[in-house]
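Structure, as structure tokens:
Both counts, for ligands and for their atoms, begin at 1 and track the order of listing. Fair warning: this is a prediction, and the values are worked out from it, not measured in the lab.
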Amino acid sequence: MSVGKSVHHDSAVGHVTGTSVFIDDRPRLKNEVFVGVIGAPVCAGKITKIDGSAALKVDGVYGVFTANDIPHNNWGTIVPEQPILAFEKIGYIDEPVCVVACRDEETFNKVKKLVKIEAKEEKPILSIDEAIEKKSILCEAKPFIRGNVDEVLKKSPHTLKGAFECGGQEHFYMESQATIAYPLENGQIEVHSSSQHPTETQHVVAHALGLDYSQVVCIVKRMGGGFGGKESQAAHFAAMAGLVAYKLNRPARLALTKDDDMMMTGKRHPFKNFYEVGFDDNGLITALKVHIYANGGAYVDLTPSILDRAMFHADGCYYLENCYIEGKAVRTHQHSNTAFRGFGGPQGNMTMESIIEDIAHYLKKDSFEIRRLNLYGKDSRNVTPYNQVVEHNVLPELFDKLHKDSDYEKRKAEIKTFNEKRNGKLRGLSMTGAKFGIAFTTKFLNQGNALVNIHLDGTIQVSTGATEMGQGVNTKMQQIAATCFGIPHTNVVMMPTSTEKNHNTSPTAASSGADINGGAVFKACEDLLSRLRWVFNELHNSGIQYDTIKTMPPVDLSVDLSHIEFVDSMVVDTKTKKSMAFKDLLKQAYLNQFSLAGYAFYKTPDLGFDKNTCQGRAFNYFTNGAAVSEVEIDEYTGELKVLRTDILMDLGRPINPGIDIGQVSGAFVQGMGWVTTENLFYHESGKLLAHSPTTYKIPNIQDTPRVFNVELLENHTNTRNVMRSKAVGEPPLLLGASVWTAVKNALFYRSKGEVPHITSPATNEVILMELNRYE
Ligand code: MTE
Ligand code: HPA
Ligand code: MOS
């Protein structure tokens, strides 16, 4: 059985040998043109003039196109309010204003400066505080309310009030936004895009150009990383390539440079969350009030859904008897912020983890004790603020096992002694948890379809709406199909994602790619299996062989044929012990005129969150995990090292434990980068200064924990998902927060009893400034 095995990623060899094809690796066609994008010169204001005439005189420049050239210049996943190319009003600096079609990139670099964009500048709104003050609200959500928070807060033995602030994050995918658009016959277009959402890309390209959806096909072979950055924001760049292809009737290639990509595309939302928490002498939380503010940037994009998920995760792993959770997003003159691994979840969860760390410091107790005390229970204290029961809750088990396995108490004592020595180094230790809701919070998105074609040599091609971005969704689906038919996984080939085979698909996002598409593959295989079992039964038990006169009766699903099994490339009747090779059965099915294609539709069952009452089943299930991190700070420079991290995750029965451990490790490191070194630094005018690897610091191999243990919990209870697995993609990113709370814990050894206050990311400067405050 292939499911459960750590077979290697289906692109592993291609990636390490450099033969995997990404968009810009596609061979150039003879008449292909390069599409360069030029951005707005200021953060806010009105475009008064775009003059491409000088550029157009240069040899190899074929066109300069603006908003005026686009039949329908608007797009947006939730609200179609964002221009593809800015028309008059500027939303943010470097926002795409015009595209230049030219011979090649060299020509574009030569003529870029010749395109004159003039603007009448206005004063921009650049921060959450400023936006709140100016009432620049982008959207707000109904609050989650349980109990009477104000009353309980008044009566609570202790209260703490404050604001938790975290920065944005650049996706830093290796492959920038890229699309090649090929004009076909009769006005049709084929778009190859680095997109997590081929269906939306297809729709945006068609809408922009005034084509029918059926005239556009979007194909995604793979992405060099997406991390949420290509969920919505691949689409308008595809439309720019589509525009040039349509205007010139030539293939058009758009592939942003890293700098342009970083300046032009949205990032993780910065948040500022105001809270008041009440608790007793033991640290048990009595009431929590949170006002969440997200910086949406210039346009709506996915912000309302991200805000929702932040609210859904503001409880962290902890039961809140009385709570009031409110959310607003503000509109600012920045790149339009977008999906990023965790999708608001990390910002909600970390607020709670920060609060817990503060309660511990305030009460001079260890934070594990406070966490354990407030944790969701198994049979009681197990209902979320939005009234969803946490079923099969493994959090107590996870926390206790990790506490023991990581030697938490012993190391805590050692750290205390170490810090008392005052040798210029300061250590801290902290455990945080993750309870991540699996399902799109936008209910209708929880659907997918799959096409499974069995060929007569016994090999299989599978097509779904899932897109491969490195996370291994294709390998998992390969394993699911192989397990269904009892054949080696190498006999299953995952085909490029294409809107022509799988339409009306959802983005590969919300960690649910393998759940939804894998679920559809499973159903399509079941459909094929029932047909193949029928043919087997007719051949062996009814004695019908292929001939030219008789026809096999159609499948009768009321006959139970579950005793016919598919193992080791054989088909076996476990009752009669009769068997035949899988391949031979396929031939018989074909000769007897049975379809060897399976198509299935899957929707996640039982979801029902009521947006008006803010109550109900928002999620299919929860993926949980916990991490303990130990950090060391250089007290003279503020430099931070992660000495050790231990992670324990519950992924149900993993389809591929090897891939999942890779996802857990990668997500943790990405989360750790977000809360430590990844600092989006802007000029006071609003321009992003950290727009390349030289100025924006993601973790490298030396920044990863010196000791890094990742373990998976054994859990067979998740009957709610395909093969009892659990989604893995985003949840472990939340655990990066343990590094940040460990920094807080370290600072407490020097803060003279004060509750340390830092923002995220805890860069060396942030740490050093906080240390200096205690002098
Ligand atoms: N892993 C890799 N290697 N590259 C990526 O871009 N994206 C993450 C996660 N893991 C990503 C990744 C995000 S944001 C999501 S939502 C999930 O993968 C999407 O894939 P899945 O639903 O198939 O897990
Ligand atoms: N997660 C990721 N992407 C989404 C979601 C979500 O919950 N809802 C809409 N797009
Ligand atoms: Mo992931 S942020 O849901 O693409």
| request: Number the atoms of ligand 3 from 1 as they appear, then name those within less than 4.0 Å of a heavy atom of Phe340, with their elements. | output: 2 (S)
| query | Hey, does Ser512 come in under 3.5 Å of ligand 1, counting only N/O atoms on both sides? | reply | yes
| Closest non-hydrogen protein atom to atom 19 (C) of ligand 1, residue and atom name please, with distance? | Met469 CE, 3.8 Å
| task | Say whether Gly228, considering both its backbone and side-chain N or O atoms, lies within less than 3.5 Å of an N or O atom on ligand 1. | result | no
| said: Are Phe619 and Phe609, when compared by the centres of their aromatic rings, separated by less than 6.0 Å? | reply: no
| query | Would you say Glu326's side chain and Lys142's backbone share a donor-acceptor pair under 3.5 angstrom? | reply | no
| request: For Arg341, counting its heavy atoms only, list the atoms of ligand 3 lying under 4.0 Å from any of them. | output: 2 (S)
| field | Under 3.5 Å: N/O of Ala510 near N/O of ligand 3 | value | yes
| field | Close N or O approach (Ser511, ligand 3; < 3.5 Å) | value | no
| request: Consider every N or O of Phe340 and every N or O of ligand 1, then say whether any pair is closer than 3.5 Å. | output: no
| message | Would Glu730 count as a polar contact of ligand 1, with the cut-off being nitrogen or oxygen pairs under 3.5 Å? | response | no
| remark: atom 22 (O) of ligand 1: closest protein heavy atom, distance to 0.1 Å, is Gly513 N, 2.6 Å
| said: Please evaluate residues Glu175 and Lys230 with respect to the criterion salt bridge (charged side-chain N to carboxylate O under 4.0 Å, His left out), reporting the C-alpha separation (whole Å), side-chain torsions for both, the decisive distance (0.1 Å), and the verdict. | reply: CA-CA 11 Å; Glu175 182 192 31; Lys230 296 168 182 173; 3.8 Å; yes
| query | Do ligand 1 and Phe227 have nitrogen or oxygen atoms that lie under 3.5 Å from each other? | reply | yes
Check ligand 2 against the protein and report each N/O to N/O distance under 3.5 Å, formatted as atom name, atom name, distance.
residue  : atom   : partner : partner atom : Å
ligand 2 : 3 (N)  : Glu231  : OE1          : 3.2
ligand 2 : 3 (N)  : Glu231  : OE2          : 2.9
ligand 2 : 7 (O)  : Arg309  : NE           : 3.3
ligand 2 : 7 (O)  : Arg309  : NH2          : 3.0
ligand 2 : 7 (O)  : Thr441  : N            : 3.3
ligand 2 : 10 (N) : Glu231  : OE2          : 2.9

| With a 4.0 Å heavy-atom cut-off (strictly under), which part of Gln196 contacts ligand 1: side chain, backbone, both or neither? | neither
